[in-house]
There are 2 protein chains.
Amino acid sequence: MARKTGSHSDITGPRVRAAAQTLFARHGFAAVSMRQIAKDVGVQAGALYLYTKDKQSLLFDLMKGHLEELLEAWQLHHPNSIGPMEDLEAFVRFHIGFHADRQEAVFIAYMELRNLDDDNFSVVEGLRKQYENVLGGILKNGQDTGIFAVPDTKLATLAVIAMLTGVNTWYRDGGRLDRETVQSIYWDMVRNSVAA
Amino acid sequence: MARKTGSHSDITGPRVRAAAQTLFARHGFAAVSMRQIAKDVGVQAGALYLYTKDKQSLLFDLMKGHLEELLEAWQLHHPNSIGPMEDLEAFVRFHIGFHADRQEAVFIAYMELRNLDDDNFSVVEGLRKQYENVLGGILKNGQDTGIFAVPDTKLATLAVIAMLTGVNTWYRDGGRLDRETVQSIYWDMVRNSVAA
DNA sequence: TGTCTATATGAACATACGTTCAGTTCAAGA
DNA sequence: TCTTGAACTGAACGTATGTTCATATAGACA
């Protein structure tokens, strides 16, 4: 879509996505116009269509990109299972850390699901389920080996993810509690709530 | 704004709010037009302005009404403190039950905050804080009397509320788990995560 | 130097928006 | 029967929307 030699830009595409991400997170997908995005990029609205098919694709690319990055980052952070307790601790700390670094993307990823059209929703939903299954697998494994005592692993999965993702509504770098403290406190709570 | 004797309606106002609530919950405030709401009510768009000042007030009234009802219902459900453990259990069961009955209103109340204008946001934010303080007070009380062991009551409050409110993303009446089961499982998890 | 092409403009398209308002309808009270 | 007034319509208001496209610009390569 762009490029041939080292021409002008190559960074305008990313700048469009960055502007869209900030605006979507702040005001919501439906409330943001292509003209507002263009203004933030420093370009006219028509030029955006050199970098995205349409507004819907802009949203979809952001969400898909975020979730793929999340899954990759987990693989990198914890490539092999060690044991249920260790895996769970790694997951809790990873989730909080990763999400603290990407507040806008996280916010969009679970606030704007209803603005995806059907096909795009299926893709994003699939990726989200994949991530839930990471935690689900850890809990199930711990339950089977008697290390955890959760009456219903599916429900516990959702409960823990909701609790962890809730951190994003209030955590800010430089706030009252630093990241490691938050991770440790949440790890305590999660461990207590599932340990046998 | 309406009425004098038993004239025609008196129920059209509520019907407008009901239609708005369903549509806002399903598609988001910004994505719903006054004409769509009117269509669901069975009336032309102009007629809506007999029952609401403008679209913004429609949203504000829904959110304020929901939160006021929530606070009242808690007072009714648990008017006096019994003890930290009993209060917390009552809160967990109440929260899950109340929210299961009002999924649309709950969804709107924490998805559409950013679409409130400044004054309305302050009011709603105040009511939300009041409700958080209910749980915050219980946890602090339990911490002070040594019944709970939470390193940070403010953080624990937010963590527990996030976990409980997360129920709304998947719970449906008639689903795999009935309401009492869900309440009991969550109560177990919450108790374990804060008990000394 | 001249050509090519990615990058961008800015005007235009049809459609939709929230809101207002003059006018119509019609049941109830006198 | 006539009057009143609340309930409602339907058209209009100005503005905004997502998207397209003919046209301009200007840097890279031959």
Side-chain angles (χ1 to χ4, degrees), chain A residues 1-21 23-24 26-63 108 112 114-120, chain B residues 1-21 23-24 26-63 108 112 114-120:
Chain A
M1 213 160 260
R3 143 66 80 53
K4 162 173 262 187
T5 69
S7 77
H8 203 185
S9 193
D10 249 7
I11 76 159
T12 307
R15 291 220 303 146
V16 169
R17 275 183 291 278
Q21 173 164 293
L23 287 169
F24 289 169
R26 188 120 55 202
H27 307 292
F29 174 76
V32 171
S33 73
M34 295 300 271
R35 283 167 179 84
Q36 283 173 62
I37 297 170
K39 188 173 209 175
D40 274 26
V41 177
V43 103
Q44 293 285 52
L48 296 181
Y49 291 84
L50 294 168
Y51 305 101
T52 187
K53 188 175 152 291
D54 52 20
K55 199 190 174 192
Q56 169 72 208
S57 304
L58 215 37
L59 177 61
F60 175 63
D61 289 347
L62 287 174
M63 295 180 72
I108 291 170
E112 302 296 353
R114 60 183 165 192
N115 287 307
L116 290 172
D117 61 32
D118 292 350
D119 288 353
N120 290 342
Chain B
M1 211 162 258
R3 143 67 79 57
K4 163 172 262 187
T5 69
S7 77
H8 204 183
S9 192
D10 248 7
I11 76 160
T12 308
R15 290 220 305 146
V16 169
R17 276 184 291 278
Q21 173 163 294
L23 287 169
F24 289 168
R26 188 121 54 205
H27 308 291
F29 175 76
V32 172
S33 72
M34 294 299 271
R35 283 169 178 83
Q36 283 172 64
I37 298 170
K39 189 172 207 175
D40 274 26
V41 177
V43 103
Q44 292 285 62
L48 296 181
Y49 291 84
L50 295 166
Y51 306 100
T52 187
K53 187 173 152 292
D54 52 22
K55 198 189 175 193
Q56 169 72 209
S57 304
L58 215 39
L59 177 61
F60 175 62
D61 289 347
L62 287 173
M63 295 181 72
I108 292 169
E112 302 297 353
R114 60 183 166 193
N115 286 307
L116 290 172
D117 62 31
D118 293 349
D119 288 352
N120 291 342

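In what follows, chains are A, B, ... by sequence order, proteins preceding strands, each numbered from 1. Just the heavy atoms: all of them, side chains too, but no hydrogens, waters or symmetry mates, feed the values below.
- Spacing between atom CD of Gln56(B) and atom C1' of dT19(C) amounts to 15 Å, rounded to whole angstrom units.
- Both Val32(A) and Gln44(B) sit near DNA chain D, but only Gln44(B) has its closest nucleotide nearer the 5' end.
- Map Ala31(B) and Ala47(A) each onto its nearest nucleotide of DNA chain C; the residue landing nearer the 5' end is Ala47(A).
- Picking from dC8(D), dT19(D), dA12(D) the nucleotide with the shortest atom distance to the side chain of Arg35(B) gives dA12(D).
- No donor-acceptor pair closer than 3.5 Å links the side chain of Lys39(B) to the backbone N or O of Met34(B).
- Atom OH of Tyr49(B) sits about 9.0 Å away from atom CG of Leu58(B), to the nearest 0.5 Å.
- Distance Lys53(B) NZ to dT19(C) P: 8 Å, rounded to the nearest Å.
- Counting only distance, with no hydrogens or angles, the side chain of Arg15(A) and the backbone of Val41(A) share a donor-acceptor pair below 3.5 Å.
- For the OP1/OP2 pair of dC17(C) and a distance below 4.0 Å, the side-chain nitrogens and oxygens of Ser33(B) include at least one atom meeting the criterion.
- We find that CE of Met34(B) is positioned 8 Å from C1' of dT19(C), with the value rounded to whole Å.
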### Task
Please report the C-alpha distance between Leu50(A) and Leu48(A) in whole Å, then the side-chain angles of each, then the deciding distance to 0.1 Å, and finally whether the side-chain contact (heavy atoms from CB on, under 4.5 Å) criterion is met.
CA-CA 5 Å; Leu50(A) 294 168; Leu48(A) 296 181; over 6 Å; no

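- Counting heavy-atom neighbours within 6.0 Å of Asp117(A) CG, excluding the residue itself, gives a total above 12.
- With rounding to whole Å, Lys55(B) atom NZ is found 15 Å from dT15(D) atom C1'.
- If you take CG of Leu50(A) and C1' of dG10(C), they are 14 Å apart, rounded to a whole angstrom.
- Contact annotation: Tyr51(A) reaches the phosphate of dA8(C) (side-chain N/O to OP1 or OP2, under 4.0 Å).
- Atom P of nucleotide dA7(D) and atom CG of Leu48(B) are separated by 14 Å, given to the nearest angstrom.
- The OH atom of Tyr49(B) sits 11 Å away from the P atom of dC17(C) (whole-angstrom rounding).
- Take the nearest nucleotide of DNA chain D for Val43(B) and for Gly46(A): the residue whose nucleotide is more 5' is Val43(B).
- One interatomic measurement links the two molecules: CD1 of Ile11(A) to P of dT7(C), which rounds to 12 Å at whole-angstrom precision.
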